[in-house]
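First comes the structure, then the notes that go with it.
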Amino acid sequence: MTSPSSLVRLLARMGYTARGLVYLVVGGLTLQAALDLEEPADTRDALQTLFAQSFGTPLLIGLAAGLVGYAVWRAVQSLLDVDNHGHDPRSLCIRAALLVSAALHLGLAWACIEIALQLGSGGGQPARQVARQVLDWPAGDWLLMGAGLAIFIAGAAHIYKGATGGFRDWFDASDRALLWIDPLSRFGLCARGLIFLVVGGFTIYAGQYVEPDAVRGMRGALQWIQARAFGRLWLGLFGVGLLAFGLYSMTEAWVRRVGLSPHKQ
């Protein structure tokens, strides 16, 4: 197993902090939407909210640096296997997911730069527009279903990690600290995982029936939840859950063992 350098460790901790901040804002906006009967938010809305602050531009630039650091860390986890996952089929799937996570967080870092420097409209590409482009490609329906399946599996993995407490294997924290870290992390992981299940399910459906308008991103998933029976209550719970996930990410920045397999302790 290759040990990460001090620089990579720093980038990882910066990245966990940056991801945590984004989800704290998303969770706060989602909770506000539940209380005020507004439309839910997503990560880009969170970045726009941060940009609107008096210190918005330098904050987004710093956030972009943190997210790039997180992407680098995910790539190192995947390509160098610093977490010692191995090369069996299950481990290769985990490492592939880490590489996808790296790409997604690079995209979020670019969104920070785009909004901070006001490049173009700053609006990004809606999920449905991206789906239409993918469906125009050869075997686009299969690609879209594959993407949906990957998102669905990521959601299931979040829920499994939250339900089993697997994250604890990587945390250097006292038993006293774990009394609040444990339930917070479980709730946050399960909340984000359920949202991923909704996003992945709609994406699979869109690919299977070649209906790009069926695709939903995070905002669309939360809107769908909001439209269910007792939707305002559910949306509020997911808002709290996303806040919990943000705090979980912040906690990872401080107590996660970076690049040392729990089986090697």
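Numbering of residues begins at 1 and proceeds along the displayed sequence. Just so it is clear, the values below take in all heavy atoms, side chains as well, and ignore hydrogens, waters and symmetry mates.
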Worksheet item: Under 4.5 Å between any side-chain heavy atoms of Leu108 and Leu47, yes or no?
Response: yes

Item to complete: Kindly compute the distance separating CG (Leu117) from OG1 (Thr57), expressed to the nearest 0.5 Å.
Response: 7.5 Å

Worksheet item: Quick one: are Leu135 and Leu143 in side-chain contact, heavy atoms under 4.5 Å?
Response: no

Discussion item. Counting C-beta onward and ignoring hydrogens, is there a side-chain heavy-atom pair between Val26 and Thr30 closer than 4.5 Å?
Written reply: yes

Fill in: Shared hydrophobic cluster, Leu179 / Tyr248 (ILVMFWY, side-chain heavy atoms < 4.5 Å)
no

Worksheet item: Can you name the one residue among Leu67, Leu106, Leu11 that meets side-chain contact (heavy atoms from CB on, under 4.5 Å) with Val72?
Response: Leu11

Fill in: Main-chain N/O of Leu35 paired to Arg232 side chain as donor or acceptor, under 3.5 Å
yes

Worksheet item: Does the side chain of Trp73 come under 3.5 Å of the side chain of Gln77 through a donor N or O and an acceptor N or O?
Response: yes

Discussion item. Using modelled atom types and a 3.5 Å cut-off, is there a donor and acceptor pairing between side-chain atoms of Asp81 and backbone atoms of Gly86?
Written reply: yes

Worksheet item: Between Trp254 and Tyr16, does the ring centre distance come in under 6.0 Å?
Response: no

Fill in: CZ on Arg44 to CD on Glu114, rounded to 0.5 Å
5.0 Å

Fill in: Taking every non-hydrogen atom, the tightest pair across Ala102 and Ala75
CB-N, 4.0 Å

Worksheet entry | Nearest-0.5 Å distance that lies between atom CZ in Phe51 and atom CD1 in Ile115 | 8.0 Å

Practice prompt. Classify the angle between the aromatic ring planes of Phe196 and His158 as parallel (below 30°), tilted (30 to 60°) or perpendicular (above 60°).
Written response: tilted

Worksheet item: Does Phe245 reach the side chain of Ser185, with side-chain heavy atoms less than 4.5 Å apart?
Response: no

Discussion item. Applying side chain to side chain contact (heavy atoms under 4.5 Å, CB included) to Leu247 and Leu243, what does each step give before you reach the verdict?
Written reply: CA-CA 6 Å; Leu247 291 173; Leu243 284 171; 5.6 Å; no

Practice prompt. Please find out if less than 6.0 Å separates the ring center of Tyr205 from that of Phe202.
Written response: no

Worksheet item: Counting distance only, does the side-chain N/O of Asp45 pair as donor-acceptor with the main-chain N or O of Asp42 below 3.5 Å?
Response: yes

Item to complete: Using a 4.5 Å cut-off on heavy atoms from C-beta on, say whether the side chain of Gln208 contacts that of Asp141.
Response: no

Discussion item. Within the 4.5 Å heavy-atom criterion, are Tyr70 and Thr17 side-chain neighbours or not?
Written reply: no

Worksheet item: Does Phe167 offer a backbone N or O that forms a donor-acceptor pair with the side chain of Arg256 under 3.5 Å?
Response: no

Practice prompt. Heavy atoms only: give me the nearest Leu235-Ile225 pair and the separation to one decimal.
Written response: N-CG2, 4.3 Å

Response to the item:
Looking only at heavy atoms, the pair that brings Val198 and Ala221 closest together is CG1-CB, 3.7 Å

Worksheet, complete the sentence: Closest non-hydrogen atoms of Asp213 and Arg128, given as atom of the first, atom of the second and distance, are O-NE, 2.9 Å

Worksheet item: Short question: side chain of Gln53, backbone of Thr49 - any donor-acceptor pair under 3.5 Å?
Response: yes

Discussion item. Ignoring hydrogens and geometry beyond distance, is a side-chain donor-acceptor pair present between Arg19 and Tyr23 at under 3.5 Å?
Written reply: no

Worksheet item: What's the spacing between Phe238 CZ and Leu233 CG if we round to 0.5 Å?
Response: 10.5 Å

Worksheet item: For Ala206 and Ala214, which heavy atoms make the closest approach, and how far apart are they?
Response: CB-CB, 4.1 Å

Worksheet entry | Derivation and outcome, side chain to side chain contact (heavy atoms under 4.5 Å, CB included), residues Leu60 and Ile113 | CA-CA 7 Å; Leu60 284 186; Ile113 299 297; over 6 Å; no

Discussion item. Apply the hydrophobic cluster definition, ILVMFWY joined by side-chain contacts under 4.5 Å directly or through others, and give me every member besides Leu98.
Written reply: Ile94

Worksheet entry | Asp136, CG atom: more than 12 neighbouring heavy atoms under 6.0 Å | yes

Worksheet item: So how far is it from Leu50 CG to Leu21 CG, rounded to the nearest 0.5 Å?
Response: 5.5 Å

Worksheet item: Less than 4.5 Å apart, any side-chain heavy atom of Arg74 and any of Leu99?
Response: no

Practice prompt. Answer with yes or no whether the side chains of Arg132 and Gln129 bring together a donor and an acceptor at under 3.5 Å.
Written response: no

Worksheet item: Is there side-chain contact between Val255 and Trp170, with heavy atoms separated by less than 4.5 Å?
Response: no

Discussion item. Assess the residue pair Leu189 and Ile159 against the criterion (side chain to side chain contact (heavy atoms under 4.5 Å, CB included)); give the C-alpha distance rounded to whole Å, side-chain angles, the decisive distance to 0.1 Å, and a yes or no.
Written reply: CA-CA 6 Å; Leu189 283 163; Ile159 294 170; over 6 Å; no

Item to complete: Report yes or no: do Ile195 and Phe230 belong to one cluster of Ile/Leu/Val/Met/Phe/Trp/Tyr joined by side chain heavy-atom distances under 4.5 Å?
Response: yes

Worksheet item: Can you check whether Val199's main-chain N or O pairs, donor with acceptor, with Arg216's side chain at less than 3.5 Å?
Response: no

Worksheet item: Quick one: does Ser101's side chain have a donor or acceptor within less than 3.5 Å of a partner on Ala97's backbone?
Response: no

Practice prompt. Return yes if some donor-acceptor pair links the side-chain N/O of Arg219 with the main-chain N/O of Ala41 below 3.5 Å, else return no.
Written response: no

Practice prompt. Group every Ile, Leu, Val, Met, Phe, Trp and Tyr by side-chain heavy-atom contacts under 4.5 Å, then state whether Met218 and Val240 land in the same group.
Written response: yes

Discussion item. Return the CD1 to CZ distance between Ile181 and Arg186, rounded to the nearest 0.5 Å.
Written reply: 12.5 Å

Worksheet item: Same hydrophobic cluster for Leu92 and Tyr160, using side-chain heavy-atom links shorter than 4.5 Å among ILVMFWY?
Response: no

Worksheet, complete the sentence: In terms of heavy-atom contacts, Gly236 and Ala34 come closest through N-CB, 3.5 Å

Item to complete: State whether the side chain of Trp142 and the backbone N or O of Ala139 hold a donor-acceptor pair below 3.5 Å, judged by distance alone.
Response: no

Worksheet item: How would you list, by chain and number, every residue that makes a side chain to side chain donor-acceptor pair (under 3.5 Å) with Asp88, sequence neighbours excluded?
Response: Ser91

Worksheet item: Counting N and O atoms only, with roles assigned by atom type, does the side chain of Arg95 sit under 3.5 Å from a partner on the main chain of Ser78, one being a donor and the other an acceptor?
Response: yes

Worksheet item: Same hydrophobic cluster for Leu104 and Val68, using side-chain heavy-atom links shorter than 4.5 Å among ILVMFWY?
Response: no

